[in-house]
Amino acid sequence: MIHKITSETIKSAVLATFIFVFLSPVMGQSGYQPSPENLQARREFQDMKFGMFIHWGVYSVLGDGEWIFHNRKLKVEEYNRLPMFFDPEKFDAQAWVALAKAAGMKYITITSRHHDGFAMFDSKVSDWNIVQRTPYKKDPLKALADECHRQGIKLFFYYSQLDWHNPDYYPRGATDWDNSRPDHGNWNAYLDTYMDGQLTELLTNYGPIGGIWFDGMWDKPNADWHLDKTYALIHRLQPAALIIPNHHQTPRPGEDVQTFERDLPGQNTAGFNTNYVSDQLPLESSDTLNDNWGFNIGDSNYKSAAEVERRLVRAAGNNSNLLMNIGPYPNGEIDPQFVSRLRSVGEWLSKYGDSIYGTRGGPLAPADWGVTTQKGNKVYVHVLNWNAPLLALAPIAGKLSQARSLSDGASVEFTQNADGVILRLATAKPDETDRVIVLTVNTGQ
Ligand code: FHN
C-alpha cells in the first residue's frame, strides 16, 4: 500500500520525533566519548581486581541490615530518631584503609548514602546528614578519602538514587510503603537539585575519587532519571571518575563499568542480573562476606577465606573484579570475623597475586575445573576443582615454552598439540584453594 504524504502525515512525524527526542526518558549520556583519563582509569580499574565494599549508615545501629526502614515499615518521623544514636567513636579511617590493604584490596566502595537517603557526609543540600543529625558531628568520608589518598587506595562512593526519605522522590517506586510522606513531590527537583547537588559535593570536596557506584534505579526502571545530565555532570567534574550503575540492565552510554550483584558476569542465580555481558566495559561482581550488606547482629554466616579466594579467582577468570562487602558495627569497629578472613585472603594474595592483579580473563572459557587469567606472555591456569593427575585443556594459541607451579616454581610436565594442552598435575594439598600453573606462551610476535 502506498501512503500519500499529506501535511497531516508530516505533522504526525514531527510530533512523534518531538516526543521521542524530548519527552521520552533519556537513556544515558548521549554521544558520550570517554576521555583519555577515563579510559586509563578503566584499565587501572581492571588491574586492581579486588575491592572492599562497605555498607555503613545509621541503620547499622539497629543491627538488622540496611533495609530496616523499609522492612519494619517505619514512618519517617520514627526513622528520624535513629541518627541520634549513631556515634561511631571507634571509627578509625587509618585502620579501615590499612585493613583493605592487608586484604590485598586495591579500592574501597563505601555507601555515601543508602536507600534511607541519609548522607554519611557533610552535605549542604539538606540537613539529613551525619554532621547535622548525629552526635558524631563529623564527616567520616572526608577522613576516609584523606586516608585513601595517603595510603594509595582508590575510593568510590556508592550513591543510592532510590530515596525512602525525601518527599520529592515522587512518584514513589516499587519499594514504596506508607511512611507518612505526602502524595506529591517534585521529581525534577529531587534529581537536578538534591541528587546532582550531593554528587557535586562528592566530586568536589573529597579530592580525586575513583567514581560513583549507583544503586536503586531498579526501583523505578521506567522513570526519566535525567541520566544524560547526571552522567555529564560527573564526567565534567572528574573526567577519570567511573560511573558504575547497579541497575542490573544492559549498560547505557555514559556508563564506564558493568557490575553484577551476587553473581559472576552473565550468571543470574540472584534472579535480577542481566545475562548480557559487555565486551567493551570493565566488569565487576559484588558480594558480601556474610549474608547481609549492612551490619546484622544475627548473621554469622561468614564465608571462609578460601571461599573468598576462589570467588576472586573465578571473577578474574571471567575478566571481572570482585567487590567484597563488609558491614561495620555502628561504633565504627569492624567485626573481628571479617578482619581475620580478610587478612588471610591478603596473605594468600601475597603469594598468588601475580596470577590475579593486572590480568585479564584468560584464553580458555571458565569451566567447572577452574579458569584461566593472562598477562603479557603468561597464562595462569587456576585449577580449582580437579584431582585427577592429568588435566586436558582446549587449544591455546602460541607455543608453550614452559609450565611451572606458581607456589614453588616447580616445573610442570605438559604436552601440546593441535587438540590442546595436557598438564600433569601434582596432587592438591588439603589446604590448597587454587593450584596455579603458569604457562609461558610464545606467540611469535
Ligand atoms: O538494595 C541494595 C542492597 O541493600 C545493597 O546495597 C546491594 C549491594 O549491591 N544493592 C541493592 C540491591 O540491588
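Note that the structure is predicted; figures quoted are calculated from it, not measured. Ligands are counted one by one from 1 in listed order, and the atoms in each one are counted from 1 as well. Side chains are part of it too, since the values below use all heavy atoms of this structure and drop only hydrogens, waters and symmetry mates.
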*Decide yes or no on ring-ring contact (aromatic ring centres under 6.0 Å, His included) for Y158 and H55, but give the supporting numbers first.*
CA-CA 9 Å; Y158 170 111; H55 276 66; 5.4 Å; yes
Any heavy atom of [X] closer to ligand 1 than 4.0 angstrom?
X	answer
W218	yes
W213	yes
H55	yes

Classify the angle between the aromatic ring planes of [X] and [Y] as parallel (below 30°), tilted (30 to 60°) or perpendicular (above 60°).
X	Y	result
W164	W67	perpendicular
H165	W128	parallel
W177	H70	perpendicular

Check each atom of ligand 1 against the heavy atoms of [X] and keep those under 4.0 Å away; list them by number with element.
X	answer
H248	13 (O)
N246	9 (O), 10 (N), 13 (O)
W67	1 (O), 2 (C), 3 (C), 4 (O)

*asked:* Any carboxylate oxygen within less than 4.0 angstrom of a Lys/Arg side-chain nitrogen, looking at R42 and D47?
replied: no
*Salt bridge between D287 and R311, side-chain N to carboxylate O under 4.0 Å?*
yes
Identify the protein heavy atom lying closest to [atom], giving its residue, its atom name and the separation to 0.1 Å.
atom	result
atom 4 (O) of ligand 1	E66 OE2, 2.4 Å
atom 13 (O) of ligand 1	E261 OE1, 2.5 Å
atom 2 (C) of ligand 1	H115 NE2, 3.3 Å

*Would you mind finding which of D215, T111, N325 brings a heavy atom closest to atom 11 (C) of ligand 1?*
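Result: the heavy atom closest to atom 11 (C) of ligand 1 is in D215.
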*asked:* Check for me whether K90 meets the cation-pi criterion with Y329, that is, NZ or CZ under 6.0 Å from the six-membered ring centre and within 45 degrees of the ring axis.
replied: no
*asked:* For the 3.5 Å polar cut-off, considering only N or O atoms, please tell me whether W293 and ligand 1 meet it.
replied: no
*W213 and its side chain to side chain contact (heavy atoms under 4.5 Å, CB included) partner, picked from T111, I110, I243, N246*: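 Per the side chain to side chain contact (heavy atoms under 4.5 Å, CB included) rule, the option paired with W213 is N246, out of T111, I110, I243, N246.
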*For ligand 1, note which part of Y158 has a heavy atom under 4.0 Å away: side chain, backbone, both or neither.*
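It is the side chain that touches ligand 1; the backbone stays farther off.
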